[in-house]
Amino acid sequence: MSELNDFCSRHVGVHDETRQEMIEALGYERIVELIEDAVPAEIRDDRQMHLPAAMSETDALDLLKMLMAQNELVKPMIGQGYYGTKVPAVIQRNVLENPGWYTAYTPYQAEIAQGRLEALFHFQSMVTELTGLDIANSSLLDEATAAAEAVALARSSKPRGTTVFVSDKVFVQTIDVVKNRCEPLGIEVLVGDWKSVDPSAIDGLIATLVQYPDADGSVEDYAAFHQQVHAAKAKAIVAADILALTVLTPPGEFGADIAVGSTQRFGVPLGFGGPHAAYIACTDALKRKLPGRVVGLSVDAQGKKAYRLAMQTREQHIRRDKATSNICTAQVLLAVMASMYAIYHGPNGLRNIAYNVHYMTLVFASSVAAHGYRLVNESFFDTLTLEAPGQAEDLVEQALAAGFNLRRMGPDCLGLSFDECTSKDDVMGLLAIFGVDEPVMPPEEALAWDEVCERRSDFCTDPVFHCYHSETEMLRFLARLEKRDLALNESMIPLGSCTMKLNASAEMMPLTWPEVADMHPFAPEDQTHGYLDMLDSLSEWLAEITGFAAVSLQPNAGSQGEYAGLLAIRRYHQSRGDAQRLDCLIPTSAHGTNPASAVMAGFKVVPVACDEEGNIDVADLKAKAEASGAMLACLMVTYPSTHGVYEATIKDICETIHSLGGQVYMDGANMNAQVGLTSPGTIGADVCHLNLHKTFCIPHGGGGPGVGPIGVAEQLVPFLPGHHRMEPRDGAVCAAAYGSASINVISWMYIVMMGAEGLSEASKIAILNANYMALRLREHFPILYTGNRGLVAHECIIDIRPLSEAAGISVEDVAKRLIDYGFHAPTMSWPVAGTLMIEPTESESKREIDRFCDALISIHGEIQEIIQGQADAEDNVLKHAPHTAELVSSDAWPYRYSREKAAYPMAALREHKFWPHVGRIDNVYGDRNLVCSCVGMEAFAASQSGE
Ligand SMILES: *Cc1c(COP(=O)(O)O)cnc(C)c1O
């Protein structure tokens, strides 16, 4: 297929002669023959996918522009967790629009991730101090899921608790998600008036959840209430507005054990609901169970300060079937943006923004009050609820005509939230609608909250929040951090299972168009047709690609898709009077999120063995399925398997499960090996999640955002997640109806530019690249699993264990040595300990793949030197890798090998060399001296000096 369309030929990395060379190296003449051998005939499906014809970058951008022009942009004063914000241009251009930040992988290789780890560390400090709690993680998916995670965290210290109380003044979407997450766990959710509830009278109370300021806008003092909560041996959770916390008493000072919220209004576009970074913070007592990733401080081999993910190596914070959380992909890019917003403005700047917002609100409130309107909330920060008996709808319409979206609350009431973008003219314009010509100007220092709610403690105390307030300084700070990270703009990131393919610039450009960025998720439907059309088409295309009846784009990560899909299965069984079907079969090779999601969906995990080849042990599977019998809910299976091979038995496996009344859940993380060649629907799955941030080009963002849509077969369609903003209204799994809506434009662009043929071509080249790579590496490293005719699917696992044993080096040593060669390590020790799983993707060129293979082969040679005694068993290039510029150029050089060998082991590196900012990081030290925010810097310095 040499007449590739423009874009496809740029997305795919190998062409013409090199492509042919690779095919022939594998012993084939044409790629179709390779694919025929690699993909078992049993599962092949060559039907032509009904997708739009491929378009060039410019045509696709024009089309999307036209589509999104149907959106009507109105000033968003709806509030309820989403607010207008000014994205500082220096952050928009240098973070959000910068591949150096957005194409990075999750920071598991900390030595080449110091930039984003530092940014996340500051995020944690900011959250810790703003909430007045002891520790924060480095982001969750959104406020609603964060609240649900907080409930699970509270429950970990009261496992026998049965009930959660949620204030009826918590945002609706949060109440919905908490309810839905509690239901399968058997936790009852009581929603009511916190002022009249007696916590000690609630049996088995696990936690209470209140909103601060609440959904109506009131700033309440919860101190006394929280004393009662603690007396009932329950935990107090507060969902708090991040901007309000700069001026209001932090939750930690009025008895909160856990605080959650969104950091969207710290400079992250609305995007019709996301992505935005949520935060979670808790007291010291709860820190060991805190969900998600936590960045901590440690030291490197030379004793230099270094950041790393704390208390966890790769995804081990997901505790499989012991899990209380399944969070994996989070919101790194958006957390970086929020962190940088705080650094850019500093604490005084943030407070000024907050006081300005408050003053606008105050002027409006005093003016309409003087004009006879009654305020439902006497105290407020930025949100007002007004009584306007019989006139509310009319006022909302007039406001709309003047360009403002107010919050609709029925015929007698309306709400409005002010934000950083509200101008004086906006306030005057709004007042005119309420019949006020002359505003009432309250004194500048007037505050509409009780004195006890006034913040007295400092926040953002670390020097970093005081140094970068000029754009020049900020620009250089961002560039400095960016250069410490190895992202896709440096070299390939061959992360098995994670599909780090091209994130084309044309796909990314629409993200910051106002019609994409500035839409409130609760804007009236008739203003959102551009978005709805775009999301509809994408859902349709994904249904076509997966062979399913319908798709929901709501889940905002793969893990959330798993959870949503399993819930659909659960509700399907319930609807058929089969509520007892709760056994979920999961092969032992599954990703950690699978069992974690199953537990959260209320299932019992039944492990299924794998044979020596890494295939599902079909006999064991059948035995387990039969043993479950009428209790069998489903099988969760990854395809191609996590070992990177197409199991020919998959159809048979699906039939077995169906014949016993179970459903098949397919983990679609490996969809890059299926698109256009086969599909979950063809294979026989009933539901499958996709990771749009893997297969469909949404960049990894350094560990998020993601989109994890699910496709389902006909019988499961009624059980797709709903939302209070759409039909059906129940079953939401995240805060916004369409989850991280805005980044779906990336996948939309990808599919439109590739077309059906281009998409299958991508899968074929992904398979070609993986097999070519396996071929080159095979002589030096055993390929752990292969399928038909010794071929792999779109990734391959190389076994390091024989070398480890012979030379006393670990897979980690190989990973760190790759950094000296300018590469990010492949997936380490998953799904098999002591191995590397490599996925080149279709986007890499032969040249880059060869470069990577050359590096691995050269490392193989270095290991041979150890085995043969030419290099010392301890003092060698692997054990001391990676080597920093500082180390290599220092006057002291204590090692037995040369500096040249350390830093320039391959000639090509002289052309271009990526230097890690720190050397090998000491994980044990970091876990023993856990420091997760700047407030602990003194303690850190003290521990370093041996005190
Ligand atoms: C990435 C991945 C997941 C989890 O997806 P997230 O988006 O990180 O939540 C699940 N299963 C497999 C096999 C994966 O590779």
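When a ligand or atom number is given, it counts from 1 through the structure's own listing order. Residue indices begin at 1 and follow the sequence shown. In this text, all values refer to a predicted model and were calculated from it rather than measured experimentally.
Considering only heavy atoms from C-beta on, L692 stays 4.5 Å or farther from I746 through its side chain.
The nearest non-hydrogen atom to atom 2 (C) of ligand 1, considering only M636, H591, K694, comes from K694.
Some N or O of S497 is nearer than 3.5 Å to an N or O of ligand 1, by distance alone. Checking only distances, T329 does come within under 3.5 Å of ligand 1, N or O to N or O. Between N594 and ligand 1, no N or O atom pair is found at a separation short of 3.5 Å. Not one N or O of A669 is nearer than 3.5 Å to an N or O of ligand 1, by distance alone. Ligand 1 has no nitrogen or oxygen under 3.5 angstrom from a nitrogen or oxygen of H689.
In terms of modelled atom types and a separation under 3.5 Å, the side chain of D667 and the main chain of V637 share no donor-acceptor contact. In this structure, T827 contributes its side chain and G496 its backbone to a donor-acceptor pair below 3.5 Å.
Legend: residues meeting ring-ring contact (aromatic ring centres under 6.0 Å, His included) with F852, ordered by chain and number and at least two apart, are F823. In this structure, the ring-ring contact (aromatic ring centres under 6.0 Å, His included) partners of H276, at least two apart in sequence or on a different chain, are Y82.
Contacts with ligand 1 closer than 4.0 Å are made by heavy atoms of both the backbone and the side chain of S559. Looking at Q560 against ligand 1, nothing comes within 4.0 Å, counting heavy atoms. Heavy atoms of N691 found under 4.0 angstrom from ligand 1 belong exclusively to the side chain.
Annotation for Y646 and A38: closest pair CD1-O, 3.2 Å, computed over non-hydrogen atoms. Annotation for A278 and F123: closest pair O-CZ, 4.1 Å, computed over non-hydrogen atoms. Of all heavy-atom pairs between I657 and A625, the closest is CD1-CB, 4.2 Å.
Shown in contact with G558 at under 4.0 Å from a heavy atom are these atoms of ligand 1, numbered in order with element: 5 (O), 6 (P), 7 (O), 9 (O). Under a 4.0 Å criterion applied to the non-hydrogen atoms of E562, ligand 1 contributes the atoms 10 (C), 11 (N). Applying the 4.0 Å criterion to heavy atoms of D667 picks out, from ligand 1, the atoms 10 (C), 11 (N), 12 (C), 13 (C). Each of the following atoms of ligand 1 lies closer than 4.0 Å to a heavy atom of C328: 8 (O), 9 (O).
Using a 4.0 Å cut-off between a side-chain N of Lys or Arg and a carboxylate O of Asp or Glu, E149 and K289 do not qualify as a salt bridge.
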